[in-house]
Amino acid sequence: MNIAEITLKTTPEEQINVLMVDRTDKPKLEDLKKAWKVSEHRTITDKTFLPNKEVKDAEGKVLKTKEVNRIAMPVQKYIVNSAVSFGFGNPITIQSNAEEGSQEETVQKAIEKILLQNKFNIKNRIAARELYRSTEIASYWYYQKSEPHEDYGFPCNFRIKLKLFIPWKNDTLYPMFNEYDDMVAFSRGFTLLNAEKKAVEYFETFTDTEVVRFMKGENGWEVVAMEEAGKNPIEKIPVVYGSQEETEYEDVKYDIERLELLLSRHAEINDYHAAPTTFIKGKVTGLPQAGESNKAIQGGPESDMKVLSWDAAPESVKLEIETRLENIHKFTKTPDLFRQVKGLNQVSGIMLKMLFMDAHLKVQEKAEIWEDYFTRTFNILKAYVGKLLNTSLLEASNRLELEPVIKPYMIQDTKEWVETLMTANGNKPLISQQLSAELSALAPAEDWIVLQAEQESEKTESVFGNPTSL
């Protein structure tokens, strides 16, 4: 369907009004950026939330205002980056029904080459980070005319490119769905600077039949030319859209705010009690000089002196800080390894799996978003291969089934794993001596030839003896 059929409007102004779907359910980007940037947290910027301390004289008159300690922490970044690392620490792999030597395998290899040239694994981590901190992301797969090449395994005159539409960089995303939750159009609003350094508004719309760019000029919205605009050759919307309701840290944002306030106030208490306070009773007749060793303070017969010390912080404050930290890790399924492994004498492979259990469960939850995201990506690339790059592979592209495989990041306890396998096979070697030497990475593979020669020499000497010793 084209834009006129979808919107039932004829003028660009009316069409854009329809395509700009309601976004009131999305969080405000300005608030998200403040939460992400440590220097914008309330403990730093809000003098009402954490007021400065007034210094008063005996009569209660304010002499000056003292700046208090203001502590903010990048907890939001820690939560998001941990989720990205566990979900995409390992590259996404592809499971397919292609048989060796078939046309389907040719299509799959072309798709894998396209993904490699577009740094797909890197872009996946970027996309995940944007989704988790701004709740939505989109990737646009487009084609460019090029010199003839065979990079995809066959001759063609096009290259497939990838561009991420990122709300954090002021891309406003407008996906339009029908009553069956099928996307019928996707639009993007953004601004660019013209030659006079003035911001110009643009609006792009993608459907399964066309790609159109609008520009807002002095006379309102009008259609403008763009390199890849016009008829859509793959008959699919070339955009993949992913979204979630909230940021990764939404459920613990008040815990984070309270924790920063507690730490800021506690820092003030520490500063106040850092230097010892001396209580003196009676008359002091002599004080030691600065730098004097074996210091002594002299006083009258009735005088007394003691140093007041703050033996311990209030247990209630300590308890609340620990509770807030626990809530942050527990409700965001973010491992707290430094606290969890404390006191453990030995960390085994099973123990690591237990420590990472929450993080791996979170990866499985996110698979609801990402498996659909990657499946749609593969379908778009299959269409490009069969309908644009090499039309003789169209039927093979339709037959090919690609399924993404997401493997959570995990630290491997290789020793325990090998011992388990050897126990299962009767304590026999699992790999050859040559392969074990190569896996050590202590020397190049060619060094194995030298090692073999040395071993053969030792065998010869053990049988016939060393001639030089005769």
Side-chain angles (χ1 to χ4, degrees), residues 1-36 126-127 130-142 162-194 198-232 234-247 250 369 372-373 376-377 380:
M1 298 174 66
N2 58 36
I3 295 176
E5 293 171 334
I6 294 171
T7 62
L8 301 178
K9 304 294 182 181
T10 56
T11 66
E13 192 85 32
E14 295 173 327
Q15 291 174 348
I16 291 174
N17 286 337
V18 175
L19 294 169
M20 282 184 173
V21 295
D22 183 29
R23 289 181 50 85
T24 55
D25 60 329
K26 288 294 180 183
K28 293 182 179 180
L29 189 61
E30 295 78 9
D31 296 337
L32 299 181
K33 288 186 175 182
K34 287 181 179 179
W36 187 260
I126 296 174
E130 297 305 325
L131 175 68
Y132 296 159
R133 71 176 180 175
S134 61
T135 73
E136 58 182 347
I137 186 64
S139 57
Y140 171 39
W141 292 93
Y142 63 99
L162 169 62
K163 177 177 174 55
L164 296 179
F165 293 158
I166 301 177
W168 212 263
K169 296 181 179 179
N170 297 322
D171 286 329
T172 306
L173 310 183
Y174 299 98
M176 178 180 284
F177 298 91
N178 62 16
E179 63 270 24
Y180 302 106
D181 291 333
D182 294 325
M183 190 163 64
V184 296
F186 181 89
S187 303
R188 172 180 75 125
F190 61 101
T191 59
L192 293 176
L193 296 178
N194 60 15
K198 293 182 180 179
V200 179
E201 290 186 55
Y202 289 89
F203 193 85
E204 291 177 350
T205 298
F206 309 85
T207 73
D208 57 357
T209 61
E210 62 181 352
V211 177
V212 180
R213 173 179 286 185
F214 303 92
M215 183 185 73
K216 193 170 188 179
E218 297 179 355
N219 299 322
W221 290 103
E222 57 186 13
V223 178
V224 295
M226 60 184 293
E227 182 179 353
E228 65 273 16
K231 185 178 179 180
N232 183 354
I234 64 173
E235 299 176 342
K236 291 179 180 291
I237 299 175
V239 176
V240 185
Y241 176 73
S243 68
Q244 59 184 32
E245 292 183 2
E246 299 173 336
T247 62
E250 175 66 24
I369 299 173
D372 180 66
Y373 186 92
R376 176 163 174 77
T377 297
I380 291 173

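Given the structure is predicted, the values throughout are model-derived calculations rather than measurements. Scope of the values below: all heavy atoms of this structure, side chains included, with no hydrogens, waters or symmetry mates.
- Atom OG1 of Thr7 and atom CD of Gln15 lie 4.5 Å apart (nearest 0.5 Å).
- Note: Phe165 and Tyr140 meet the aromatic proximity criterion, with ring centroids under 6.0 Å apart.
- The CG atom of Leu192 sits 11.0 Å away from the CG atom of Asn170 when rounded to the nearest 0.5 Å.
- Residues meeting the ring-ring contact (aromatic ring centres under 6.0 Å, His included) test with Tyr373, sequence neighbours left out: Trp370.
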Trace of the side chain to side chain contact (heavy atoms under 4.5 Å, CB included) decision for Met215 with Trp221:
CA-CA 5 Å; Met215 183 185 73; Trp221 290 103; 5.5 Å; no
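- Side-chain polar atoms of Thr11 and Glu14 form a donor-acceptor pair below 3.5 angstrom.
- A donor-acceptor contact shorter than 3.5 Å is absent between the side chain of Asp372 and the backbone of Arg376.
- Relative to the ring axis of Phe203, Arg213 does not place its NZ or CZ within 45° and under 6.0 Å from the centre.
- Judged by distance alone, the side chain of Lys33 and the main-chain N or O of Trp168 form a donor-acceptor pair under 3.5 Å.
- For CD of Glu5, the number of neighbouring non-hydrogen atoms (other residues, nucleotides, ligands) closer than 6.0 Å is greater than 12.
- By the 6.0 Å contact criterion, CD on Glu218 is open, its count of non-hydrogen atoms from other residues, nucleotides or ligands being 12 or less.
- For Arg188, the side-chain hydrogen bond (donor to acceptor under 3.5 Å, both in side chains) test picks out Asp171, Glu204, with sequence neighbours left out.
- Remark: side-chain polar atoms of Thr207 are paired, donor with acceptor, to backbone N or O of Met1 under 3.5 angstrom.
- For the pair Leu29 and Pro167, the tightest heavy-atom approach, listed with the atom from each and the gap, is CD2-O, 3.1 Å.
- Closest non-hydrogen pair, Pro27 versus Leu32, comes out as CG-CD1, 4.0 Å.
- When each of Asp182, Thr205, Ile6 is checked for a side chain to side chain contact (heavy atoms under 4.5 Å, CB included) with Met176, only Ile6 meets the rule.
- Atom OG of residue Ser139 and atom CD1 of residue Ile126 lie 12.0 Å apart, to the nearest 0.5 angstrom.
- You'll find the side chain of Glu210 reaches within 4.5 Å of the side chain of Ile3, heavy atoms only.
- In plain terms, the two heavy atoms of Ser243 and Ile369 that are nearest each other are O-CD1, 3.8 Å.
- Residue Glu130 holds its CD atom at 5.5 Å from CD1 of Ile137, rounded to the nearest 0.5 Å.
- Nearest heavy-atom pair across Pro238 and Ile234 is CB-CD1, 4.2 Å.
- Inter-residue side-chain proximity for Tyr241 and Glu136 is flagged as met; some heavy-atom pair is nearer than 4.5 Å.
- Other residues, nucleotides and ligands contribute at most 12 non-hydrogen atoms within 6.0 Å of the NZ atom of Lys34.
- For the atom pair Phe186 CZ and Tyr174 OH, the distance stands at 10.5 Å (nearest 0.5 Å).
- In this structure Phe177 satisfies the ring-ring contact (aromatic ring centres under 6.0 Å, His included) test with no other residue, sequence neighbours excluded.
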Show, in sequence, the C-alpha distance, side-chain angles and deciding distance for Glu13 and Lys216, and conclude whether the salt bridge (charged side-chain N to carboxylate O under 4.0 Å, His left out) test is met.
CA-CA 9 Å; Glu13 192 85 32; Lys216 193 170 188 179; 5.7 Å; no
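- Lys26 NZ to Ser134 OG: the interatomic distance, rounded to the nearest 0.5 Å, is 8.5 Å.
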